[in-house]
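One structure is given here, and the rest of the page talks about it.
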Amino acid sequence: MTAAENVCYTLINVPMDSEPPSEISLKNDLEKGDVKLKTEALKKVIIMILNGEKLPGLLMTIIRFVLPLQDHTIKKLLLVFWEIVPKTTPDGRLLQEMILVCDAYRKDLQHPNEFIRGSTLRFLCKLKEAELLEPLMPAIRACLEHRHSYVRRNAVLAIYTIYRNFEHLIPDAPELIHDFLVNEKDASCKRNAFMMLIHADQDRALDYLSTCIDQVQTFGDILQLVIVELIYKVCHANPSERARFIRCIYNLLQSSSPAVKYEAAGTLVTLSSAPTAIKAAAQCYIDLIIKESDNNVKLIVLDRLIELKEHPSHERVLQDLVMDILRVLSTPDLEVRKKTLQLALDLVSSRNVEELVIVLKKEVIKTNNVTEHEDTDKYRQLLVRTLHSCSVRFPDMAANVIPVLMEFLSDNNEAAAADVLEFVREAIQRFDNLRPLIVEKMLEVFHAIKSVKIYRGALWILGEYCSTKEDIQSVMTEVRRSLGEIPIVESEIKKEAGELKTEEEVSVGPAQKLVTEMGTYATQSALSSSRPAKKEEDRPPLRGFLLDGDFFVAASLATTLTKIALRYVSLVQEKKKQNSFNAEAMLLMATILHLGKSSLPKKPITDDDVDRISLCLKVLSECSPLMNDIFNKECRQSLSHMLSAKLEEEKLSQKKESEKRNVTIQPDDPISFMQLTAKNEMSSKEDQFQLSLLAAMGNTQRKEAADPLASKLNKVTQLTGFSDPVYAEAYVHVNQYDIVLDVLVVNQTSDTLQNCTLELATLGDLKLVEKPSPLTLAPHDFANIKANVKVASTENGIIFGNVVYDVSGAASDRNCVVLSDIHIDIMDYIQPASCTDAEFRQMWAEFEWENKVTVNTNIIDLNEYLQHILKSTNMKCLTPEKALSGYCGFMAANLYARSIFGEDALANVSIEKPIHLGPEAPVTGHIRIRAKSQGMALSLGDKINLSQKKTSL
């Protein structure tokens with residue numbers, strides 16, 4: 001086992017800038033110094049030994065002059081020193097001096113001070129030399145009966161580690177500890193003793209648990225946690241024991257400790273799939289989320305609930321708990337609320353949808369009364385989207401939801417209002433019976449809408465779905481009210497010129513007394529006429545938008561007026577009324593055109609908008625049947641097509657999800673009978689404790705390992721040449737936020753290489769955690785060196801360095817072999833993600849770093865190139881499949897991904913096939929990448945550049 005793989009107990013931070021002291025000065029301080037000087041000298045010795053220095057001359061000095069001291073700090077430092085100092089000669093025999101040290105340990109184990117006894121016992125857990133431990137066994141046993149719990153609990157740990165490593169030193173340890181456990185009262189001592197029995201003699205642990213199974217609820221939480229672990233392991237290994245212990249787990253769900261409740265719920269789910277067990281565990285998880293204040297805990301427990309939902313048979317049980325899950329919405333954290341709403345939406349059914357909608361409506365109303373907070377708007381958006389999804393899935397609910405939501409069309413937050421508008425548009429198209437209600441509500445809130453984008457959408461809906469004479473008249477009234485006095489240009493010029501006398505005010509200034517040249521007094525007063533500036537807020541909304549130069553809304557209004565005028569003509573038979581309505585609509589369009597051409601608006605009208613309004617005027621003047629069809633039928637059909645395509649896409653994604661979750665069993669699959677299964681065959685149920693330990697250590701067994709391309713060999717980087725004196729190669733293992741480099745170093749010479757050190761440095765957002773310790777390599781020997789690197793953000797990092805060594809017997813300087821660079825792949829941190837078009841556009845506008853990559857590839861098919869880019873960058877294509885299908889010689893698609901650090905990466909692919917160059921011509925075009933940080937944009941661009949060309953296998 002190499003030094004790097006040894007279990008590390010003590011980590012000491014070393015200041016690198018100080019000069020290492022000489023051995024003579026240290027010896028002097030340790031012999032003649034006072035306690036303070038000896039303490040400092042001992043610290044320096046420990047740091048030097050940790051850095052690989054050999055100081056054999058100081059061992060006897062420390063035994064003679066430092067070991068007899070009774071100072072607690074020195075005693076504590078000595079324990080660290082004895083842990084790291086080499087205790088054997090090069091041939092593996094114990095040093096003679098260690099016998100003296102052993103005697104000192106024995107005295108410390110009988111010391112009256114419980115701290116010294118306890119810390120010495122802790123230290124003995126770290127000793128790996130049986131010869132040193134053998135004389136101490138009677139003293140260790142005696143410590144089990146000490147009056148202080150600190151000594152007793154460390155004595156149990158010492159006995160456990162000695163029994164595990166050298167069973168012959170204390171063969172009766174399980175029996176001894178069992179007797180100790182029966183009589184012990186202290187919770188921490190009982191916990192350590194019980195844990196030892198679990199691992200050393202499980203039957204004795206079970207015997208003890210059987211005697212006190214009814215008192216488990218009265219135990220301390222640390223002991224309860226160990227009991228949960230034991231029950232899990234026993235039932236996992238021997239399922240017939242479940243009935244005996246499942247009651248105990250149920251009781252532990254009521255524990256006062258959150259940790260015990262969490263573990264008990266997790267164990268209960270793995271041991272039983274009965275609905276009552278799942279319900280009890282889920283209820284326990286929900287209570288934990290509500291009661292725990294830490295958001296990280298809430299998110300972890302929510303993930304466990306989501307995992308439960310993934311199981312088809314558990315989903316039904318969770319559906320009954322939807323209302324309890326919604327209690328979590330009282331948490332102010334947006335991420336927790338987001339996950340909770342998603343979970344509730346996945347679990348909603350016709351039985352509980354009504355209650356869900358009532359709760360969500362209350363939450364929406366609550367957000368209106370809360371003082372504005374940046375997350376309040378986002379939360380309101382989440383609620384609106386959830387209600388939208390509920391209404392689409394359960395159309396009966398739409399009538400209850402729409403009136404509440406439509407109040408938010410006049411909201412200051414445009415994003416939330418846009419979501420409401422999208423929902424209303426879908427509802428009015430899908431549910432014919434709700435159209436009168438929606439139109440009525442829309443006319444009520446129309447005047448209060450503050451955002452021009454929402455105004456345009458509302459105009460379109462009113463123009464498209466007003467079908468009665470009264471509604472059409474109401475829309476015209478609202479539009480007139482929103483435009484104000486017409487003609488607009490004349491009334492605005494009058495206001496500017498100040499012709500409206502009512503607004504003028506005359507005021508007399510205060511009189512001042514002045515002295516004239518002749519010495520007499522004169523009084524002067526000022527008469528001023530002021531006209532207060534017409535506040536912009538006083539303008540009707542539509543007039544305000546037009547005067548600000550936003551004429552796109554005018555083009556939208558012209559279309560709406562044309563639609564309602566054409567519909568009015570078909571509804572009303574009287575020619576006079578028809579002409580009157582058409583004339584009014586045309587007058588409004590003409591006055592807007594006049595305003596656009598004048599100098600009054602901040603920005604003049606664009607040619608596109610002029611064309612649109614002119615077209616609408618022409619349509620109204622001619623009233624041809626073809627135009628009537630286009631305006632009143634084709635528009636609605638295109639919306640209908642879009643909504644059905646969207647629905648189809650959603651159904652397809654849901655189908656894929658459910659196919660993933662459904663466990664399909666083939667007719668010829670073998671049936672597994674638990675009673676007939678051998679213990680080693682129970683592979684389907686993995687040990688959760690073992691899995692969580694492996695996950696924490698970064699050794700999770702990935703399913704892709706079966707694929708030879710995804711094996712370890714794929715991630716091995718050669719660092720030196722085959723002819724170098726030292727050959728090195730590294731396996732780069734990426735585990736979320738840190739990278740483990742497992743470097744194989746081979747001595748290819750016939751000399752012994754001493755102090756062979758791997759020196760590493762990093763470039764980018766990488767940080768080396770610890771310095772690898774030096775090794776001695778025999779001729780043609782090899783060793784593995786591990787190094788940890790922390791990662792702070794998503795960008796391409798480089799690790800570079802060299803291997804430095806001395807040749808034994810040579811008088812020359814140190815030899816150095818430079819290693820080739822290790823490039824850390826950005827793809828290990830990027831995961832595909834999805835977002836809405838509106839969010840994509842918003843991020844695209846906000847992100848300041850853009851990297852434009854020119855397409856340079858040998859791929860000749862557009863779709864194939866897009867798939868190749870998606871595969872090599874881990875991004876997700878947001879453009880729907882239907883929009884990309886077909887062939888027209890060019891393609892545009894939006895891609896999105898998120899890093900594990902929460903950074904967003906956007907890309908827009910614009911590619912075309914140059915037909916004039918022949919069918920074999922490669923794809924050309926650009927990929928634009930945008931990200932918040934420069935590193936992310938550049939790294940992703942580099943990755944695309946490197947992987948653009950398709951390699952022929």
Open item on the list: With heavy-atom distances below 4.5 Å as the criterion, would you say the side chains of I799 and V732 are in contact?
Closed with: no
Task: Pairing of D861 and K913 as salt bridge, 4.0 angstrom limit - done: no
Open item on the list: Which heavy atom of Y896 sits nearest to which heavy atom of M843, and what is that distance?
Closed with: CE1-CE, 3.7 Å
Task: Nearest-0.5 Å distance that lies between atom CG in L299 and atom CD1 in I289 - done: 9.0 Å
Task: Euclidean distance, L557 CG relative to L459 CG, rounded to 0.5 Å - done: 5.5 Å
Task: Exam field: side chain R928 to backbone E850, donor-acceptor pair closer than 3.5 Å - done: no
Open item on the list: Please report the interatomic distance CG(L341) to OG(S389), rounded to the nearest 0.5 Å.
Closed with: 10.0 Å
TODO: May I have the step-by-step check of side chain to side chain contact (heavy atoms under 4.5 Å, CB included) for I869 and I944, ending in yes or no?
DONE: CA-CA 7 Å; I869 290 294; I944 290 173; 3.9 Å; yes
Task: Residues L763, F800; criterion side chain to side chain contact (heavy atoms under 4.5 Å, CB included); working and verdict - done: CA-CA 8 Å; L763 195 69; F800 53 92; 4.0 Å; yes
Open item on the list: salt bridge (charged side-chain N to carboxylate O under 4.0 Å, His left out) for E363 and K366? Distances and angles first, verdict last.
Closed with: CA-CA 5 Å; E363 285 294 318; K366 257 191 241 172; 3.1 Å; yes
Task: With D904, the salt bridge (Lys or Arg N to Asp or Glu O under 4.0 Å) member among R930, R898, K876 - done: R898
- [ ] List for me each residue that meets salt bridge (charged side-chain N to carboxylate O under 4.0 Å, His left out) alongside R385, sequence neighbours excluded, and say none if there are none.
- [x] D419, E839
Task: Residue pair L326 / L356, side-chain heavy-atom distance below 4.5 Å - done: yes
- [ ] Find the distance between CZ (R337) and OG1 (T386) and round it off to the nearest 0.5 Å.
- [x] 12.0 Å
Open item on the list: Is the shortest side-chain heavy-atom distance between L895 and L906 below 4.5 Å?
Closed with: no
Open item on the list: Can you see whether S939 engages D942 through a side-chain donor-acceptor pair at a distance of less than 3.5 angstrom?
Closed with: no
Open item on the list: Around atom NZ of K932, are there more than 12 heavy atoms from other residues, nucleotides or ligands closer than 6.0 Å?
Closed with: no
Task: Listed partners of K441 passing side chain to side chain donor-acceptor pair (under 3.5 Å), at least two apart - done: E407
Open item on the list: So does F552 get a backbone contact from the side chain of S556, meaning a donor-acceptor N/O pair under 3.5 Å?
Closed with: no
Task: Side-chain touch N295/E335, heavy atoms, less than 4.5 angstrom - done: no
Task: Heavy-atom pair with the smallest gap, counting every atom of T340 and I325 - done: CG2-O, 3.4 Å
TODO: List the atom of P832, the atom of M875, and the distance in Å for their closest heavy-atom pair.
DONE: CB-C, 4.3 Å
Task: From I822 atom CD1 to L760 atom CG, the distance as rounded to the nearest 0.5 Å - done: 7.0 Å
TODO: Would you mind reporting whether T924 and I911 have side-chain heavy atoms less than 4.5 Å apart?
DONE: no
Task: Under 3.5 Å donor-acceptor, K298 side chain and E292 backbone - done: yes
Open item on the list: For A833 versus L878, what's the shortest heavy-atom pair and its separation?
Closed with: O-CD2, 4.3 Å
Open item on the list: Would N863 and M891 count as a side chain to side chain contact (heavy atoms under 4.5 Å, CB included) here? Give the steps.
Closed with: CA-CA 8 Å; N863 226 331; M891 179 189 279; 4.1 Å; yes
Task: N/O donor-acceptor pair under 3.5 Å between T879 side chain and N894 backbone - done: yes
Open item on the list: Strictly distance-based, threshold 3.5 Å: is any side-chain N or O of N851 a donor or acceptor partner for the main-chain N or O of A937?
Closed with: yes
Task: Pair V424-M442, side chain to side chain contact (heavy atoms under 4.5 Å, CB included): steps then yes or no - done: CA-CA 9 Å; V424 169; M442 185 69 86; 4.0 Å; yes
Open item on the list: Under a 3.5 Å distance rule, please check whether T857 uses its side chain to pair with a backbone N or O of I859 as donor and acceptor.
Closed with: yes
TODO: Report yes if some heavy atom in the side chain of I798 is under 4.5 Å from a heavy atom in the side chain of T762; otherwise report no.
DONE: no
Open item on the list: As a quick check of understanding, evaluate side-chain hydrogen bond (donor to acceptor under 3.5 Å, both in side chains) for H388 and E422, giving each step before the final call.
Closed with: CA-CA 9 Å; H388 183 167; E422 197 177 310; 5.1 Å; no
Task: K602 side chain reached by L547 side chain, heavy atoms, under 4.5 Å - done: no
TODO: Provide the closest heavy-atom pair for I449 versus Y455 in the form atom of the first, atom of the second, distance.
DONE: CG2-N, 3.8 Å
- [ ] Anything under 30° is parallel, anything over 60° is perpendicular, the rest tilted; go ahead and classify H733 against Y731.
- [x] tilted
TODO: For residues L600 and L595, determine if any side-chain heavy atom of one lies less than 4.5 Å from a side-chain heavy atom of the other.
DONE: yes
TODO: Might you point out which heavy atoms bring I830 and A897 nearest each other, and give the distance in Å?
DONE: CG2-CB, 3.6 Å
- [ ] Count the heavy atoms of every other residue, nucleotide or ligand shown that sit under 6.0 Å from NZ of K338, and state whether that count exceeds 12.
- [x] no
Open item on the list: Treating D294 as the side-chain partner and N296 as the backbone partner, does any N or O pair qualify as donor plus acceptor under 3.5 Å?
Closed with: yes
TODO: Compute the centroid of each ring, for F551 and then for F545, and state whether the two points are separated by less than 6.0 Å.
DONE: no
- [ ] Report, as yes or no, whether the 6.0 Å neighbourhood of atom CH2 on W849 holds more than 12 heavy atoms from other residues, nucleotides or ligands.
- [x] no
Task: Presence of salt bridge, K309 and D346, under 4.0 angstrom - done: yes
- [ ] Hey, could you give me the CG/CG distance between N945 and N856, rounded to the nearest 0.5 Å?
- [x] 8.0 Å
